[in-house]
Amino acid sequence: MPELPEVESLREFLDSHLVGREIARVLPLAVHVLKTYDPPPSAVEGGEVTAVDRHGKWLDITVAGTARGERALHLVIHLARAGWLRWQDEFPATPPRPGRGPLALRTVLASGGGFDLTEAGTAKRLAVHLVRDPAEVPGVARLGPDPLADGFDRAAFAALLAGERRQIKGALRDQGLIAGIGNAYSDEILHAARMSPFKPVRSLDEEEITGLYEALRATLEEAVERSRGVAAGRLKAEKKSGLRVHGRAGEPCPVCGDTIREVSFSDSSLQYCPTCQTGGKPLADRRLSRLLK
């Protein structure tokens, strides 16, 4: 799933390619993709893109009103686990037919180019909302603070963790607590912090909170920097190449050389280094035994 660094890179790419340009049409091609019906996609036809923003893992394309006094509209996109954005400098004149393929939505500019949204697999979770305010999208309205915002300092992070009763892995992934961190970067942050993914938040002392905060900021900032300027088609490969533990079960840890281990769940898995994170002890499968602290 694209997380904060990849979505931020897509935002920067779209900002340079969309702002100041006119939308000719938005074509939903999969029945599941468009989650709103008022206003309709035709409402942005002829509108100029004025900004591209990011809310956690959501992209927000602002389109100016097409008539005097009309409010701007927002095309808000969540790529989910298997969605992606593909830029085209020039589309064929004949529009695509709706079908069972991966193409879910096409946005065409007056210049002839634009972008496709695609989604692989059978679990269709790619979501597009056309709204007057991004806060109308429930997934955006519930977001916690952005961990790369200027105001997200150590004190703000500690305040978010106060009273938390979950394990730290689950807390970091909660979009309502902190926006933009998913399965991959939570593994990377915890490895950098030398912390078990199953450590209870309430057991963290002040030094551990500081170390976790510093690991969080450094991991995300480094990932954003690596992704900056990378073409959209290469972002997934760039993300994978920069990960130290996530998706690397069975490989040696780049820090200590121990074998990276995995814990599997029904719909996901996590990876960690026993030496760096759990005092050398392999974690038991969460489905079978109690989590180690």
Side-chain angles (χ1 to χ4, degrees), residues 1-19 49-62 72 74-80 85 127 129 131-164 166 168-193 195 201 204 206-230 232 235 238-239 242-243 246:
M1 177 182 290
E3 299 180 33
L4 185 155
E6 295 77 48
V7 179
E8 176 60 19
S9 182
L10 288 174
R11 185 205 67 76
E12 291 181 354
F13 176 86
L14 290 176
D15 185 76
S16 65
H17 285 69
L18 288 180
V19 172
V49 177
T50 59
V52 182
D53 297 301
R54 178 183 58 79
H55 312 288
K57 303 177 191 178
W58 296 79
L59 286 166
D60 175 9
I61 300 170
T62 303
H74 297 260
L75 195 66
V76 183
I77 300 165
H78 193 281
L79 295 170
L85 184 148
H129 301 249
V131 293
R132 296 171 181 84
D133 186 328
E136 295 175 27
V137 180
V140 173
R142 67 175 288 269
L143 288 175
D146 191 292
L148 293 185
D150 291 341
F152 192 83
D153 56 15
R154 193 269 186 201
F157 180 60
L160 289 176
L161 298 182
E164 269 291 330
R166 292 174 288 184
I168 188 60
K169 167 81 173 180
L172 289 177
R173 292 185 62 189
D174 181 357
Q175 300 304 293
L177 188 72
I178 304 171
I181 300 171
N183 197 33
Y185 286 107
S186 58
D187 280 353
E188 296 298 299
I189 290 164
L190 291 168
H191 179 253
M195 186 175 293
V201 174
L204 296 176
E206 293 301 311
E207 184 177 350
E208 288 173 322
I209 291 173
T210 297
L212 183 59
Y213 171 75
E214 291 173 350
L216 182 153
R217 292 283 294 210
T219 299
L220 294 179
E221 287 170 354
E222 290 168 8
V224 168
E225 192 57 38
R226 285 197 311 270
S227 299
R228 183 161 284 129
V230 176
L235 271 175
E238 171 58 35
K239 174 182 180 178
L243 298 176
H246 184 80

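For the pair D174 and R142, the salt-bridge criterion is met [side-chain N within less than 4.0 Å of a carboxylate O].
Contact check for V224 versus E221: no side-chain heavy atoms found under the 4.5 Å cut-off. Side-chain contact between L59 and D53 is absent, with no heavy atoms from C-beta onward closer than 4.5 Å. Taking 4.5 Å as the limit, some side-chain heavy atom of N183 sits within range of a side-chain heavy atom of R173. Side-chain contact between V19 and T50 is absent, with no heavy atoms from C-beta onward closer than 4.5 Å.
Taking every heavy atom of both residues into account, A141 and A135 meet most closely at CB-O, 3.5 Å. Of all the heavy atoms in A179 and L143, the pair that sits closest is CB-CD2, 4.0 Å. Closest of all the heavy-atom pairs between L177 and A171 is CD2-O, 3.4 Å. Among all heavy-atom pairs drawn from G242 and E188, the shortest one is O-OE1, 4.3 Å. Taking both residues in full, the closest heavy atoms of K169 and S186 are given as NZ-OG, 2.8 Å, listed atom of the first, atom of the second, then distance. The two atoms that bring V7 and G56 nearest to each other are CG1-O, 4.3 Å, heavy atoms only.
To the nearest 0.5 angstrom, D15 atom CG is 12.5 Å from L10 atom CG. Atom CZ of R54 sits about 4.5 Å away from atom CD of E8, to the nearest 0.5 Å. Put simply, CG on L220 and CG on L148 are 5.0 Å apart, with the number rounded to the nearest 0.5 Å. From S9, atom OG reaches atom CD of E225 across 10.5 Å, with rounding to the nearest 0.5 Å. For the atom pair D146 CG and I178 CD1, the distance stands at 10.0 Å (nearest 0.5 Å). The distance from atom CG of L14 to atom CD1 of I61, rounded to the nearest 0.5 Å, is 5.5 Å.
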(request) Would you sort out whether E3 and K57 count as a salt bridge (Lys or Arg N to Asp or Glu O under 4.0 Å), showing the intermediate values? (result) CA-CA 6 Å; E3 299 180 33; K57 303 177 191 178; 5.5 Å; no
(message) Test side chain to side chain contact (heavy atoms under 4.5 Å, CB included) on V52 and T62; report intermediate values, then the result.
(response) CA-CA 6 Å; V52 182; T62 303; over 6 Å; no
(request) Take Y185 and E6 through the side-chain hydrogen bond (donor to acceptor under 3.5 Å, both in side chains) test and state the conclusion after the steps. (result) CA-CA 11 Å; Y185 286 107; E6 295 77 48; 2.6 Å; yes
(request) Any chance you could lay out the salt bridge (Lys or Arg N to Asp or Glu O under 4.0 Å) test for D60 and R11, step after step, and finish with the verdict? (result) CA-CA 8 Å; D60 175 9; R11 185 205 67 76; over 6 Å; no
(request) Please report the C-alpha distance between E208 and M195 in whole Å, then the side-chain angles of each, then the deciding distance to 0.1 Å, and finally whether the side chain to side chain contact (heavy atoms under 4.5 Å, CB included) criterion is met. (result) CA-CA 9 Å; E208 288 173 322; M195 186 175 293; 4.1 Å; yes
(message) Applying side chain to side chain contact (heavy atoms under 4.5 Å, CB included) to L4 and I181, what does each step give before you reach the verdict?
(response) CA-CA 6 Å; L4 185 155; I181 300 171; 5.7 Å; no
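A donor-acceptor distance shorter than 3.5 angstrom exists from the side chain of D153 to the backbone of A156, with no hydrogens or angles considered. Remark: side-chain polar atoms of Q175 are not paired, donor with acceptor, to backbone N or O of G144 under 3.5 angstrom. No donor-acceptor distance shorter than 3.5 angstrom exists from the side chain of H191 to the backbone of D187, with no hydrogens or angles considered. Under the 3.5 Å distance criterion, the side-chain polar atoms of R217 are matched with a main-chain donor or acceptor of F152. In this structure a side-chain-to-backbone donor-acceptor pair under 3.5 Å is present from S16 to F13. Side-chain atoms of E214 never come within 3.5 Å of backbone atoms of G211 as a donor-acceptor pair (strictly under, hydrogens ignored). Checking side-chain atoms of H74 against main-chain N and O of V76 turns up no donor-acceptor pair under 3.5 Å.
The closest side-chain donor-acceptor pair between R154 and T210 falls under 3.5 angstrom.
A centroid separation of less than 6.0 Å is found between the aromatic rings of W58 and H129.
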